[in-house]
Asks: 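Before I ask anything, let me first share the structure, which is written out below as structure tokens.
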Amino acid sequence: MSITHVDADITVDGHLDEAVWQQATKVELAYETQPGDNTDAAVATTAYIARTDDALLIAFGARDPDPSRIRAFLRDRDSLYHDDYAAIMLDTFDDQRRAYQFLVNPLGVQADRIKEEASGKEDDAWDGLWTSAGRITDDGYRIEMRIPFATLRFRPDDGARRWGVRFLRSRPRENPYLYANQRIERGARCDLCSMRTLDGLAGIRQGRGLEITPTLTVANAQSRANRGWRGEGVQIEPGVDVAWSPSPSLTLNATLNPDFSQVESDTAQLDLNTSFALFFPEKRPFFLEAADTFSTPLQVLYTRQIADPDAGVRVTGRLGSDAYGAVVARDAVTQLLMPGPLGSRFLLLDRPSDVAFARYRHDFDGQTSLGAVTTFRNGDDYRNALAGVDGRWQRGSHTLTGQWLRSDSRYPDELALNDATPAGDALDARYNFSSRNWVVDLQHTRIDPGFRADLGFIPRVGFDQSFGRGVRTWYGAPGAAVTRVWAGSLVDLVHRNDGQLLSRDVRGWIGASGPLQSTARLLGGTRQRFWNGRMFDESFRQLYLEATPWAGVRTELVAQTGRQLDLLASQLGDFTKVDGALWLDIGRGLSVILDGSVQTLERDGGTAFRASVLDARASWQFDPRQRLRLSLQGSAIERDPALYSTPVKRRSRDVAAQLLYSYKLNPRTAGYLGYSHGGYADGDQVRLADRDRSLFLKLSYAWQPGA
């Protein structure tokens, strides 16, 4: 299709009354792609697209026979995925590798993300600067978007350009209906390859491509001591981020004294009966930007390992068939993940280190690529260096990926490690077959005992793993109550590098999707597990249920029972665990999320442990920019000391609360004011004792000279 060039701009207000929309290219979303298989859409949706020299202009007219059933709530950014929404996808390099997605719900709430074709991931960590509005009408809803070309990256061609484009509409009712402007083949190995092409983009302007974002954080943090509260007083931390795009395909970023405070708290997790370090996702904007550029089959980059950076510089870009990125930073501390064949743990060296990592990929065509990656960290009496290559080949339903890595390290004597200068290789090979009805995955991974990825998250070394999984899917007839049924099984074998079997997992499952946007799955399996010099036979059965019984109410339940190993005692017991979650939307702007878990292990005539965790969050969204959120996280663990041969705490409790007000003009111009408070109780202590408290203010302003 060809985009219409217009001279006049628009006022983004959700009213499609400007003359621009009479001139714009019109596109009908005529196909239902889910749950229907490219059947006729049950409702009419018209998309409009035009451009000025500086921006894309997009609108949607979405009809609905019963507008009272439209699901739309005032939410925080990137939280609309269970609402009605309209969206546009843009492959601005037209190479079927990655695509921008811009989504808006009927109240104007935004979401944006990047889809990477190689992994299939849709990452909403990326935040663009664009404007949107929406309004509900008597016959449906209307949406307007304005996306500046300065927000996008594209080929710096002087002549004609061609982009990939797709228009989508999500309409969740008894089923999650999805409509598109084109047929989308189920099981297609390359989703982005089927996008329509968009012409008429010659002469578009990137703008200056300069953004300067000063930040200011003011905080007063205190911890409870024997003689009362103690702290360092009010801390004032100014900083600045600079982003510059000298061309549409190159971006330079620099940060000085960055504010990496956690505005959004991590999801509560229990470090109980597990031998491996817990994983927490990255939340800091500097590292989230262009994160997909640095992804590889093995996770050699986990930026939360950069715990307290003083400054950093990043470059990312694409030139023809080449994509590249590099980051250099100075970290005030050195956090280490120390892995082994049976477990891992984090250590912290109170000393600075220099950090660098780089990634390069060459695409020979839309289906074959070769890449290289390197990471380096250096400090006083410490060094970790890693380098490797990877590749991807795809033909039809078949995909092969592989990666080889080599690392070399030196650790300080104070850590008292058995091997202070470890070195080793890591090898990963994967095959995937995917069609309309079948998915088959095969994987083999081998990591030497001396391999270390100190800037990554590879919590196990010294093992060989072979994995196989197969899934068969059946689709219901048009209008059927059950829209999809699937069944699958897997086998997972892990051996230590000396040949010792560490685990043998065998699992099978069956699942179905149907009315009320429901999903049900039954899973069962067995595992042989090596621990403390012995083999143990574990087993488990699991039931998973998910449904949306009413608009604004979503539920999830996972119940599991079986025989499980108590790692601390090296004994088997009867294990039960129930996880539940409830999402409530009340009115237009109030939302409540309750996420909890309870687990017990019974053995030798008693309860070895009982543990529970709760993550509760309530948000009041006044409008798309303002939100007040209260979060409460708590955990409790009880053990029976009589059932353990080593001393254990009878009970421990932990609780943390945070109240946060936020105002976001856009993702990088925002203000936050918050208070947090934490408490704990150990042993026979009945009442919770204060642990820490903090009051903080964070301000940031994104300035674009000449914009």
Side-chain angles (χ1 to χ4, degrees), residues 33-34 37 89 91 93-101 113-123 164 166 182-195 291-301 318 320-325 359-373 388-405 426-447 456 458 464-475 484 486-493 505 507 509:
T33 61
Q34 292 181 20
D37 186 5
M89 294 175 62
D91 176 6
F93 283 81
D94 192 29
D95 59 2
Q96 297 81 51
R97 283 295 181 181
R98 66 199 294 266
Y100 296 98
Q101 299 183 33
R113 57 191 181 186
I114 290 177
K115 177 169 183 176
E116 186 180 334
E117 181 62 45
S119 65
K121 294 180 180 178
E122 295 179 318
D123 185 5
R166 181 180 295 162
Q182 61 176 101
R183 299 174 63 89
I184 301 176
E185 181 185 350
R186 283 180 174 164
R189 288 302 302 140
C190 182
D191 178 53
L192 301 187
C193 295
S194 66
M195 294 174 69
D292 61 300
T293 301
F294 301 97
S295 64
T296 70
L298 292 174
Q299 191 167 0
V300 298
L301 182 62
R318 305 181 72 172
S321 299
D322 301 311
Y324 56 90
R359 171 76 169 142
Y360 166 80
R361 189 188 74 228
H362 177 77
D363 298 326
F364 293 94
D365 52 39
Q367 299 174 318
T368 305
S369 64
L370 285 177
V373 65
V389 295
D390 58 272
R392 179 178 183 268
W393 175 88
Q394 179 186 316
R395 287 295 183 272
S397 299
H398 308 275
T399 304
L400 290 172
T401 60
Q403 185 169 28
W404 171 81
L405 299 162
L427 178 67
D428 182 81
R430 308 181 190 191
Y431 166 76
N432 171 267
F433 172 85
S434 181
S435 66
R436 173 186 170 85
N437 299 104
W438 283 97
V439 174
V440 176
D441 290 303
L442 301 175
Q443 179 180 349
H444 182 76
T445 304
R446 179 181 62 82
I447 301 182
I458 299 180
D464 282 81
Q465 180 181 20
S466 297
F467 172 88
R469 178 179 73 108
V471 181
R472 172 69 159 91
T473 302
W474 297 266
Y475 296 96
R484 187 166 61 102
W486 65 94
S489 61
L490 68 82
V491 177
D492 189 5
L493 298 173
D505 274 306
R507 304 184 186 186
W509 60 89

Asks: Side chains of Val373 and Phe294: closer than 4.5 Å at any heavy-atom pair?
Replies: no

Asks: Under 3.5 Å, is there a donor on one side chain and an acceptor on the other for Thr445 and Gln443?
Replies: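 Per modelled atom types, Thr445 and Gln443 side chains form a pair under 3.5 Å.
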
Asks: Quick check: closest heavy atoms across Thr293 and Tyr324, and the distance to 0.1 Å?
Replies: CG2-O, 3.7 Å

Asks: Does a side-chain heavy-atom distance below 4.5 Å link Arg392 with Thr399?
Replies: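 Yes. Closest side-chain heavy atoms under 4.5 Å.
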
Asks: For a quick test of reading the model, state the closest non-hydrogen atom pair linking Arg318 to Ala323 and the distance between them.
Replies: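 Closest heavy-atom pair between Arg318 and Ala323: CG-CB, 4.1 Å.
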
Asks: Other residues, nucleotides and ligands only: do more than 12 of their heavy atoms fall within 6.0 Å of CD on Glu122?
Replies: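 Count over threshold, so yes.
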
Asks: Evaluate side-chain contact (heavy atoms from CB on, under 4.5 Å) for Asp123 paired with Arg113, printing each intermediate quantity in order.
Replies: CA-CA 5 Å; Asp123 185 5; Arg113 57 191 181 186; 5.7 Å; no

Asks: Contact between Arg507 and Ser489 at the side-chain level, heavy atoms closer than 4.5 Å - yes or no?
Replies: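 Counting from C-beta outward, Arg507 and Ser489 never come under 4.5 Å.
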
Asks: Nearest 0.5 Å, please: how far is CG in Asp505 from CG in Leu493?
Replies: 8.5 Å

Asks: I need the Gln394 CD to Glu117 CD distance, nearest 0.5 Å.
Replies: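 One finds 7.0 Å between CD of Gln394 and CD of Glu117.
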
Asks: So Met89 and Leu192, do their side chains get closer than 4.5 Å, heavy atoms only?
Replies: yes

Asks: Please report the closest heavy-atom contact between Asp492 and Gln465, naming both atoms and the distance.
Replies: OD1-NE2, 2.9 Å

Asks: When you compare the side chain of Arg359 with that of Thr296, does any pair of heavy atoms fall below 4.5 Å?
Replies: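 In contact.
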
Asks: Would you check if Trp438 and Val471 make a side-chain contact, meaning some heavy-atom pair closer than 4.5 Å?
Replies: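 They are not in side-chain contact.
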
Asks: Any chance you could measure Arg361, atom CZ, to Ser369, atom OG, to the nearest 0.5 Å?
Replies: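 Interatomic distance, Arg361 CZ to Ser369 OG, rounded to 0.5 Å: 6.0 Å.
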
Asks: Check Asp390 against Ala372 and note the closest heavy-atom contact, atom names and distance.
Replies: OD1-N, 4.0 Å

Asks: So which atom in Gln299 and which in Ile458 form the shortest heavy-atom distance, rounded to 0.1 Å?
Replies: O-CG1, 3.7 Å

Asks: Decide side-chain contact (heavy atoms from CB on, under 4.5 Å) for Phe467 and Leu490; before the verdict, give the C-alpha distance in whole Å, the side-chain angles of both, and the deciding distance to 0.1 Å.
Replies: CA-CA 7 Å; Phe467 172 88; Leu490 68 82; 4.2 Å; yes

Asks: For the pair Tyr360 and His362, name the ring-plane relationship: parallel under 30°, tilted 30 to 60°, perpendicular over 60°.
Replies: parallel

Asks: Can you check whether Thr473 reaches Arg436 side chain to side chain, under 4.5 Å on heavy atoms?
Replies: no

Asks: Kindly compute the distance separating CG (Leu298) from CD (Gln403), expressed to the nearest 0.5 Å.
Replies: 4.5 Å

Asks: Does the side-chain hydrogen bond (donor to acceptor under 3.5 Å, both in side chains) test come out yes or no for Arg166 and Ser194, once each step is laid out?
Replies: CA-CA 9 Å; Arg166 181 180 295 162; Ser194 66; 2.8 Å; yes

Asks: For residues Trp486 and Arg472, determine if any side-chain heavy atom of one lies less than 4.5 Å from a side-chain heavy atom of the other.
Replies: no

Asks: Between Asp464 and His444, is a side-chain contact (heavy atoms from CB on, under 4.5 Å) present by the stated rule, with each step listed?
Replies: CA-CA 7 Å; Asp464 282 81; His444 182 76; 3.7 Å; yes

Asks: Can you give me the closest heavy-atom contact between Gly388 and Leu405, atom names plus distance?
Replies: CA-CD2, 3.7 Å

Asks: Would Asp91 and Arg97 satisfy salt bridge (charged side-chain N to carboxylate O under 4.0 Å, His left out), going step by step from the backbone distance to the final call?
Replies: CA-CA 8 Å; Asp91 176 6; Arg97 283 295 181 181; over 6 Å; no

Asks: Kindly compute the distance separating CG (Asn432) from CG (Asp441), expressed to the nearest 0.5 Å.
Replies: 4.5 Å

Asks: Quick one, Val439 with Arg469, criterion side-chain contact (heavy atoms from CB on, under 4.5 Å). Give me CA distance, side-chain angles, the key distance, then yes/no.
Replies: CA-CA 8 Å; Val439 174; Arg469 178 179 73 108; 3.8 Å; yes

Asks: Roughly how far apart are Trp393 CH2 and Tyr431 OH, rounded to 0.5 Å?
Replies: 8.5 Å

Asks: Treating Thr33 as the side-chain partner and Ile184 as the backbone partner, does any N or O pair qualify as donor plus acceptor under 3.5 Å?
Replies: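 Side chain of Thr33 to backbone of Ile184: no pair is present.
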
